[in-house]
Amino acid sequence: MTDTSQTPLVQLKDISISFGGIRAVDHVSLDLYPGEVVGLLGHNGAGKSTLIKILSGAYQKDGGEIWIEGQPAEINSPRDARDYNIETIYQTLALADNLDAASNLFLGRELTTAAGFVDDAKMESETAKIMARLNPNFRKLKEPVSALSGGQRQSVAIAKAVYFKAKILIMDEPTAALGVHETQMVADLIQELKKQGLGIFLISHDTREMLELCDRVSVMKNGKMIGTERVEDVTEDDILSMIIMGKKPDQAA
Amino acid sequence: MTDQTTQPPGTTKEPEGTIARFFRETELDTRLLGMLGALAIIWIGFHVYGQLVNGFGAFLTPRNLWNLSVQTASIGIMATGMVLVIITRHIDLSVGSMLGFCAIVMGVVQVNILPQFLGLGHPMIWIIAVIIGILCGSFIGAFHGALIAYGKIPAFIVTLGGLLVWRGAAFLVARGETISPVDPTFRLMGGGPYGAIGATGSWIVGILGCVAVLGLILMGRRKRTTFHIAQRPVWAETFLAIVGCGAVIGAVLLVNAYPWPRGIVRRYAEAEGITIPEGGLFISHGFAIPVLILVAVAIFMTILMSRTRFGRYVYAIGGNPEAAELAGINTRWMTVKIFALMGALTGLSAVVASARLGSATNALGTLDELYVIAAAVIGGTSLAGGVGTIYGAILGALVMQSLQTGMVLIGFDAAIQQVVVGSVLVLAVYLDILYRRKSK
């Protein structure tokens, strides 16, 4: 259970961003506590991914504040976000297809030798270690990730977050490209990371899956936050009506 | 998250042939072997054609191969830079004109300006000229890169503009005059009998090369032991060592088998006060200095691309620019650096080209951009981005130059040469596409 008396890991306060006159995110506020999974739901174009990309540094907000662990934070680039231990697993997986798993895992944070050269052998052995933990079937260490299956690619992306000890994890449609079995593995992993005290933002279209995985769900529509509910307080129908009609369950009745 | 390629039970693995096993164990790049094979066919083909049709096979002679190595140097140096440009999904059409511009600037500096202050033949002249040439190329390249990265103008347009601008600028710098003669020390970087390091020097280079081959193999083994990665079998390592050292020693024997021409030997003997023994004096050329410059560039660029973050980022940007950006790589600044490096290599190439000519003209390097791009592409650099190697580009340059030299030797005229070179480019890319499709 989430202990809301703690300092929130992330506080998004009154965030706004516009693209060419369209308010993609319109004065949205959202908190995330340690060991909590918060789901973001909404139609395509509701502003979920945009909101999350502001936190991960891919977009720069027009207004509002981001607080990390009770301190105001300046996040202007993916590098800044990383410095706050925010890791993102993107919908498109954001892997360089022509590079192998190790190069992707360490991209932008390569291990180097004393002479300043990239240490491929060390990175490969570290990758082998973390992969043995996350996905014991993963063997194609030397091949470009384009040769990997959806699930294997996903484990490379997740390994990045785990290896670099993320405190805040953003997962944008992490199971969209996966089969049933692989989806279950992601679900198990989310539970494990949760136990370790990470805060996780999860974006998905699958309402049922979200109710299983999340502690709280937030619904967005047309860039606005409709509401945030604890999963035990709402039914799937309540959530659907929020998504479709843009009303909270008590108002909808 | 499971490995879906695991074999279903009941199917047995296909028995592996000796050849397949050989390639797997030696971890040799089959593409590289394909290119070497193509090169061998070109070389032997021209030689045999010469023998049959003209009664004299001129291709596989020390003299021709030595000249071929010198002619490849200028294009080869630039091709190593073009690999980076093309990997990151850009193109540079301006290198030929930049080469002409840098050459003219260096010519003016060393012939018209520096002698006024330092006196003719001052030992600093060539050094300053070379530095200015390389800086000139770097600045132009960085400027192009900045327009592409920050101005968001497509590289094709920026460098197409550059193609015209720098050729015109080269004319304006010296009002179209040819500037000669260049500084005598500067001239050595273009090759020729004096611009080569001789028999002893070549053996020293050859021995260093063999030591490097063995050192790399041993270091590789040690690294694999440290991180518990499977070793190559000893026979495979031995095979690689023998082939590597054999190639180096073969090259030394080849360049040492090409003697200075008689006239130059006579002049040299007179100057040094040596009497020429009966039957003539055999003075070996040895490795030409431009070739050694190319080798140094190749080593530097290979280390840069495979052992540094910079190289890793070049590949990452080529593979997925968005992912590179999200991984915190400053892709725009990388573009500026890549084009600046291309420019610096063009400046160096201008040194070799104008030194070889012994003068600087504003037409130097005309059409070079096409040969450089062709060399990189024949060498396996993918225009779709993300794929390419330095050694491939140099081999590509060698293939291009071999075709041209070969056709001159057997007496094809310029029109046929163009038809052949153009066709080969298209064919090479087609074969590459087939190869990649198959290996996927």
Side-chain angles (χ1 to χ4, degrees), chain A residues 56-58 77-82 88 90 92-99 103-104 106-110 112-113 115-122 124-126 128 134-141 144-152 154-155 158 160 178-179 181-186 189, chain B residues 1-7 24 27 87-89 219-231 302-334 380-382 384-389 436 439-440:
Chain A
S56 68
S77 71
R79 213 171 258 275
D80 291 345
R82 250 166 30 187
T88 311
Y90 291 98
T92 49
L93 295 177
L95 299 175
D97 277 338
N98 54 337
L99 300 180
S103 301
N104 267 297
F106 288 94
L107 190 60
R109 283 176 285 202
E110 288 77 9
T112 50
T113 59
F117 293 121
V118 291
D119 197 340
D120 279 319
K122 177 119 189 256
E124 195 186 320
S125 89
E126 291 288 305
L134 292 179
N135 185 355
N137 290 322
F138 193 97
R139 272 182 221 97
K140 293 184 177 173
L141 282 171
V145 294
S146 59
L148 304 183
S149 71
Q152 290 169 332
Q154 187 65 272
S155 39
I158 293 174
K160 220 171 175 172
L178 304 186
H181 183 61
E182 293 168 327
T183 303
Q184 187 53 48
M185 285 189 75
V186 172
L189 188 74
Chain B
M1 284 214 229
T2 49
D3 190 335
Q4 292 170 333
T5 59
T6 45
Q7 293 199 325
R24 187 174 51 79
E27 296 175 17
I87 285 178
T88 51
R89 307 181 183 191
M219 251 167 60
R221 279 193 87 85
R222 193 177 312 155
K223 201 122 214 207
R224 284 173 188 230
T225 314
T226 317
F227 292 104
H228 309 291
I229 301 166
Q231 292 285 359
T302 302
I303 293 173
L304 184 72
M305 288 303 279
S306 57
R307 290 275 161 265
T308 69
R309 287 184 170 183
F310 177 85
R312 187 61 44 85
Y313 296 169
V314 168
Y315 282 115
I317 292 170
N320 187 347
E322 220 190 342
E325 184 96 51
L326 291 172
I329 297 167
N330 189 341
T331 51
R332 292 181 185 186
W333 182 229
M334 280 292 293
T381 311
S382 163
V387 180
T389 55
R436 280 184 215 283
S439 64
K440 237 180 200 164

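To find a chain, count down the sequence lines: A is the first, B the second, and so on, and within it residues start at 1.
Looking only at heavy-atom pairs under 4.5 Å with chain A, the residue among B:Thr226, B:Ile329, B:Thr308, B:Ile303 that has the most is B:Thr308. Counting heavy-atom pairs closer than 4.5 Å to chain B, the top residue among A:Ala58, A:Ser56, A:Ser103 is A:Ser103. Ranked by non-hydrogen atom pairs under 4.5 Å with chain B, the options A:Lys122, A:Gln184, A:Lys160 are led by A:Lys122. For the options B:Lys223, B:Arg312, B:Glu325, heavy-atom pairs under 4.5 Å to chain A are most numerous at B:Arg312.
One distance of note links CD of A:Gln154 with CE of A:Met185; it measures 11.5 Å at 0.5 Å rounding.
Residue B:Ile317 does not touch chain A at all, counting heavy-atom pairs closer than 4.5 Å. With a threshold of 4.5 angstrom between heavy atoms, A:Thr88 does not approach chain B through any atom at all. Proximity to chain B (any heavy atom under 4.5 Å) is shown, for A:Leu107, by both the backbone and the side chain. For B:Tyr313, the part sitting under 4.5 Å from any heavy atom of chain A is the side chain, from C-beta outward, and nothing else. For B:Ser306, the part lying under 4.5 angstrom from a heavy atom of chain A is the backbone only. Only the side chain of A:Asp120 has a heavy atom closer than 4.5 Å to any heavy atom of chain B.
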Determine whether B:Asn320 and A:Leu95 satisfy the following criterion, side-chain contact (heavy atoms from CB on, under 4.5 Å), listing intermediate values before the conclusion.
CA-CA 7 Å; B:Asn320 187 347; A:Leu95 299 175; 5.6 Å; no
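The backbone N or O of A:Thr113 lies less than 3.5 Å from no partner atom in the side chain of A:Asp119, so there is not a single donor-acceptor pair. Looking only at distances, a side-chain donor or acceptor of A:Arg82 sits under 3.5 Å from a matching main-chain atom of B:Ala327. With A:Asn98 contributing its side chain and B:Tyr315 its backbone, the two residues share a donor-acceptor pair below 3.5 Å. In this structure, A:Asn104 contributes its side chain and A:Ala96 its backbone to a donor-acceptor pair below 3.5 Å.
For A:Glu110, the salt bridge (Lys or Arg N to Asp or Glu O under 4.0 Å) partners two or more places apart in sequence, or in a different chain, are B:Arg309.
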